[in-house]
Amino acid sequence: MTFQVTILGCSSARPTPSRHHTAHVLNVHEQFFLIDCGEGTQYQLTRYGINPLKLNVIFISHLHGDHVYGIFGLLSTMAMMGRQRALEIVAPKPFGDMLRSHFAFFQIELPYPLEIREVDARDVTEVWSNRAMTVISIPLRHRVPCCGYLFREREPGLNVHRHLVEGYGLNPLQIAALKRGEDAVLANGMPLTVAEATYRPYEPRSYAFCSDTTASGKVATLVEGVDLLYHEATYMHADKELAVKTGHTTALQAARLAKKAGVRYLLLGHYSSRYKDLEPLLAEARSEFPDTVLGRDGLVLALEKDHSLKIGSI
């Protein structure tokens, strides 16, 4: 079962020749979710071979241009590509008003249903769920209402040990009962308990997306123990006063937060264009939290069933 993040953009307010604006694609069980949609996102989707028509839901952290400008063109492109099925967008208020104004000005009528779910960025609440995953909002501290998202895989169903199926000659009804969490009765009348006969194929995986924010102890509490934490690292710690002024975080602060939260892996991103070389940000973060990954456009991070992290690129 896939649990994978692809980075489409890792820059902050101003893009660079090698770094586009913020956007991630999360693939959970071959269901695709776009997280933020900075300018150029549809180009990056095409560049990295991700079909926009596969997107199930778009999650927007806040209404700053480097996180949302790309959505206008993307929605129109999906219309030209013949999208018919509904698209959900989860975003802070007043995203709906902004989008309706855009549609009215450009006289756009989409051929597919658009379902907008507005989030109060101050709340910690479940904002979306399906059979594979739940999504919780994470309040962030920025210059405008802003929230992160915690994506948590649902616990997988029970499997029955194959050697018991063969050894006891279990029939389909007995196997189904055990998978539902019910004890089964063998042909000789003896019980076969769920604890004895079943196992979980893997423990649920989790990914937290924390975009623009100052360093926050509350965020550390909310993302405690997650497998992969994406946290913005706009500045080096030498520029921490500028980070506070602009509502951002340094690489060192992000690492300290990851350490406090006890996460498995930290993913950095949202770098200021002032830094041509990103390795110093990585070194700064790893001085506090060694399991840090430097996010780059085209990087692919897959959480395996054993919660190890496999890193590749497109």
Side-chain angles (χ1 to χ4, degrees), residues 7-15 19-24 33-41 57-75 88-105 114 116-128 135-151 208-223 229-235 239-251 253-254 257 267-274 295:
I7 300 175
L8 304 182
C10 64
S11 186
S12 58
R14 195 174 74 181
R19 304 200 295 263
H20 286 70
H21 284 139
T22 300
H24 291 190
F33 306 89
L34 177 63
I35 313 167
D36 274 352
C37 191
E39 184 181 358
T41 292
V57 187
I58 298 175
F59 294 89
I60 300 296
S61 64
H62 64 295
L63 304 186
H64 273 165
D66 55 327
H67 295 259
V68 77
Y69 277 165
I71 200 164
F72 307 109
L74 178 60
L75 295 179
E88 294 182 72
I89 302 177
V90 179
K93 302 174 182 177
F95 176 80
D97 290 341
M98 181 187 71
L99 197 59
R100 283 186 287 270
S101 175
H102 169 80
F103 287 161
F105 185 86
L114 199 60
I116 299 173
R117 185 175 306 181
E118 291 189 323
V119 178
D120 188 332
R122 299 168 297 182
D123 291 344
V124 179
T125 186
E126 183 177 290
V127 296
W128 193 86
V135 185
I136 305 296
S137 60
I138 303 171
L140 301 177
R141 300 191 304 191
H142 194 42
R143 305 192 308 275
V144 299
C146 183
C147 65
Y149 297 101
L150 172 56
F151 302 85
F209 178 91
C210 295
S211 64
D212 299 20
T213 184
T214 55
S216 167
K218 183 176 181 180
V219 169
T221 300
L222 293 174
V223 302
L229 168 65
Y230 165 74
H231 199 287
E232 70 123 289
T234 307
Y235 296 106
D239 294 318
K240 62 181 178 181
E241 292 183 4
L242 182 57
V244 172
K245 181 180 179 180
T246 57
H248 289 298
T249 305
T250 69
Q253 289 172 331
L257 186 148
L267 172 63
L268 303 181
H270 199 266
Y271 315 114
S272 169
S273 60
R274 68 179 53 206

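For clarity, every value in this text was computed on a predicted model and none was experimentally measured. Because only heavy atoms are used, hydrogens play no part in the values below, and waters and symmetry mates are left out as well, while side chains stay in.
Between Ala243 and Thr214, the shortest heavy-atom distance links the atoms O-CG2, 4.4 Å. In this structure, Ser211 and Ser61 approach most closely via the heavy-atom pair OG-OG, 2.9 Å. Nearest approach of Ser12 to Ser273, heavy atoms of both residues: OG-N, 4.2 Å. Pairing each heavy atom of Leu257 with each of Ser216, the nearest pair is CD1-O, 3.4 Å. Nearest heavy atom pair, residue Lys218 against residue Pro139, reads NZ-CG, 4.3 Å. Pairing each heavy atom of Pro94 with each of Glu118, the nearest pair is C-OE2, 3.4 Å.
Considering only residues two or more places apart in sequence or on other chains, Thr125 meets the side chain to side chain contact (heavy atoms under 4.5 Å, CB included) condition with Asp123, Val127, Ser137. Qualifying ring-ring contact (aromatic ring centres under 6.0 Å, His included) partners for Phe209, counting only residues two or more places apart in sequence or in other chains: His24, Tyr230. Every residue meeting the salt bridge (Lys or Arg N to Asp or Glu O under 4.0 Å) condition with Arg117, not counting sequence neighbours, appears here in chain and number order: Glu88. Residues forming a side chain to side chain contact (heavy atoms under 4.5 Å, CB included) with Val144 (at least two apart in sequence, or on another chain): His62, His64, His142. Remark: Tyr271 engages no residue in a ring-ring contact (aromatic ring centres under 6.0 Å, His included) (not counting sequence neighbours).
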From CA spacing to verdict: side-chain contact (heavy atoms from CB on, under 4.5 Å), Leu75, Leu114: CA-CA 9 Å; Leu75 295 179; Leu114 199 60; 4.3 Å; yes
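His21 and Asp66 share no side-chain donor-acceptor pair at under 3.5 Å.
Of the inter-residue distances, the one linking Ser272 atom OG with His248 atom NE2 reads 9.0 Å to the nearest 0.5 angstrom. Rounding to the nearest 0.5 angstrom, the gap separating the OG1 atom in Thr22 from the CD atom in Glu39 is 12.0 Å. Taken to the nearest 0.5 Å, the NE2 atom of His231 stands 5.5 Å off from the OG1 atom of Thr213. For the atom pair CG (Leu34) and OG1 (Thr41), the distance works out to 6.0 Å, reported to the nearest 0.5 Å. The NE2 atom of His270 sits 11.5 Å away from the CZ atom of Arg19 when rounded to the nearest 0.5 Å. A distance of 11.5 Å separates SG in Cys147 from CD1 in Ile136, rounded to the nearest 0.5 Å.
Taking the side chain as every heavy atom from C-beta outward, Asp212 and Leu140 never approach each other to under 4.5 Å. When side chains are defined from C-beta on, Val135 does not count as touching Val57, because their heavy atoms never get closer than 4.5 Å. Contact check for Arg274 versus Leu242: side-chain heavy atoms found under the 4.5 Å cut-off. Within the 4.5 Å cutoff, side-chain heavy atoms of Val219 are placed close to those of Ile138. Side-chain contact between Ile58 and Ile71 is present, with heavy atoms from C-beta onward closer than 4.5 Å. Cys37 has its side chain within reach of Ile60: a pair of non-hydrogen atoms, C-beta onward, lies under 4.5 Å apart.
With hydrogens and angles disregarded, a donor-acceptor distance shorter than 3.5 Å links the side chain of Arg141 to the backbone of Ala215.
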Considering only distance and modelled atom types, tabulate donor-acceptor pairs under 3.5 Å from the side chains of residues 95-105, sequence neighbours left out.
| from | atom 1 | to | atom 2 | distance (Å) |
| --- | --- | --- | --- | --- |
| Asp97 | OD1 | Arg100 | NH2 | 2.9 |

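Between Trp128 and Tyr149, a ring centre-to-centre spacing not shorter than 6.0 Å is recorded.
Within 6.0 Å of CZ on Arg122 lie no more than 12 heavy atoms contributed by other residues, nucleotides or ligands.
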